[in-house]
Each structure stands twice: as C-alpha cells, then as structure tokens.
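Inspection log for the structure reproduced underneath, given as structure tokens.
Note that the numbering runs from 1 along the sequence shown for the chain. These numbers were taken from a predicted model, which means no experiment stands behind them.
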Amino acid sequence: MQLSISIGRFPLKKYEAGQWLQRGRTLGRWMLLWGTAGLVGGCAGPVSLRGDGEAPSAWIRVWAGEPIAMHPGLSCYDSRNPQRVKGKDVLGGLLPNRRLGMPVAEDTPWGFDEYEVRAGEVITFEMGDRSYHWQDRVSCHLSGVYFVPEPGKKYEVFKDRKLCNIRIRELVETASGKVAVAAITSRTAGECAAKK
C-alpha cells in the first residue's frame, strides 16, 4: 500500500506504508535524544565564569531568544575566543533554566540562564548572527556591547529587537519585596580582530 501527501498543487514523494512507519520511528528517536540531552543540560549546575573562586562576583541573567554570547575579560568579541559562552536560542528557551536564585522582574521572560561572573572585570556581550525580524520589519547585524559589573549586583541582559541592540539593566530588590530595574550604560564593542 502506498501513501502520498501534497501541499497545495505540489505532490510530495510517495512512500510505502512501511517507509512512513520507519521514518516516524527515526523522528521519534531524534526527539527522544534531543529531549534527553535537554534534560541533562537543564539539570546541570549553575555556570560560573569567575575563574578565581575568591574573586568578588556579580550575577547576570541572559534572556533566551536570539542567542547572546558572552566574552569575559574582553572589551571586544571574537567567535574563536575559547572562553566564549553562548546563551540560549529560541528552542533552548524551552529547556529548564539554569538558576542562581536571582530576583525576577515583572517583565522577565520565562526562558533564561543565570551566570556568576567576576565583578570589576569587563565583559562583552555579542548579539549573535545577523537576523531579520518579520514582526518589526528590521534586519539586525552582528554587534556587541561591554560593561564592568559591580560586586554583589544582579543584572539582566537581553536583545532589543526594535532597536537592534543589547540592553543591560540592574535588578534592585525594594523594601516592599518587589523588583525594580535600572538601565545600565554600556559601550559599543567591536570585533577583536578589527582592534588589532
């Protein structure tokens, strides 16, 4: 028995019923493998980028979405940097979050990861690959920003799609128990190779 499907006027390839079953099994195996890897990755402990365990630290939450890469200790970005840490993409946002226990603001999204970084040391955030946002009708290109986190403070880093840039804000717990946010000024970062 043969089965076939079509999309509009475009018929797709015909397969025997057994071939469809085999393809379904293969897809199921890949989904199981991806889900298992996600659970293992999601259950991993918090990520520390401090290097020296005795150095003062700050905490940074990076929102999921179009991935933002971090470059600790650099005021520029380089995809070959061995210390480069890439944040979650949209699909990664479906996985469990890595949490340190940072306070959550009212508009913090459901997908993110939290990192412990060395305070007083510059860190650069790279906005990933160029992309087009059909909702906002804008095309964003590779870019980055850097700043120096202060000891004991907590920050959020996310991409502003409409402005095509990376925004950083500090999370401040108020006496009422709510979380206030304060914008942090950052500087534009270029590619490390271009700075040499």
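- The CG atom of Asp113 sits 6.0 Å away from atom CG of Asn97, with the distance rounded to the nearest 0.5 Å.
- With values rounded to the nearest 0.5 angstrom, Leu171 atom CG is found 4.5 Å from Glu156 atom CD.
- What you find for Pro72 and Glu121 is that their closest heavy atoms are C-OE1, 4.4 Å.
- Between the side chain of Tyr155 and the backbone N or O of Glu150, at least one donor-acceptor pair lies under 3.5 Å.
- Taken together through direct or relayed side-chain contacts under 4.5 Å among Ile, Leu, Val, Met, Phe, Trp and Tyr, Ile184 and Tyr115 form part of one hydrophobic cluster.
- For the atom pair CD1 (Ile168) and CD1 (Ile60), the distance works out to 7.0 Å, reported to the nearest 0.5 Å.
- Using a 4.5 Å cut-off between side-chain heavy atoms of Ile, Leu, Val, Met, Phe, Trp and Tyr, with links allowed through other members, Val117 and Val62 fall into the same hydrophobic cluster.
- No side-chain heavy atom of Val104 sits under 4.5 Å from any side-chain heavy atom of Val179.
- Trp59 is linked by a ring-ring contact (aromatic ring centres under 6.0 Å, His included) to nothing, counting only residues two or more places apart in sequence or in another chain.
- To the nearest 0.5 Å, atom CG of residue Leu100 and atom CD of residue Glu116 are 6.5 Å apart.
- Rounding to the nearest 0.5 angstrom, the gap separating the CD atom in Glu191 from the CD atom in Glu126 is 8.0 Å.
- Between Cys76 and Ala189, the shortest heavy-atom distance links the atoms CA-CB, 4.2 Å.
- Arg61 places a side-chain N or O within 3.5 Å of a backbone atom of Pro103 that can act as its donor or acceptor partner.
- In this structure, the side chains of Phe125 and Phe147 come closer than 4.5 Å at one or more pairs of heavy atoms.
- The two residues Asn81 and His71 make their nearest non-hydrogen contact at ND2-ND1, 3.2 Å.
- Between the side chain of Lys88 and the backbone N or O of Phe112 there is at least one donor-acceptor pair closer than 3.5 Å.
- With rounding to the nearest 0.5 Å, the separation of NZ in Lys154 from CD in Glu114 is 10.0 Å.
- Residue-environment remark: CZ (Arg169) exceeds the threshold of 12 foreign heavy atoms within 6.0 Å.
- Of all the heavy atoms in Gly144 and Tyr77, the pair that sits closest is N-CE2, 3.6 Å.
- A distance-only check finds a donor-acceptor pair linking the side chain of Thr124 to the backbone of Leu74 [under 3.5 Å].
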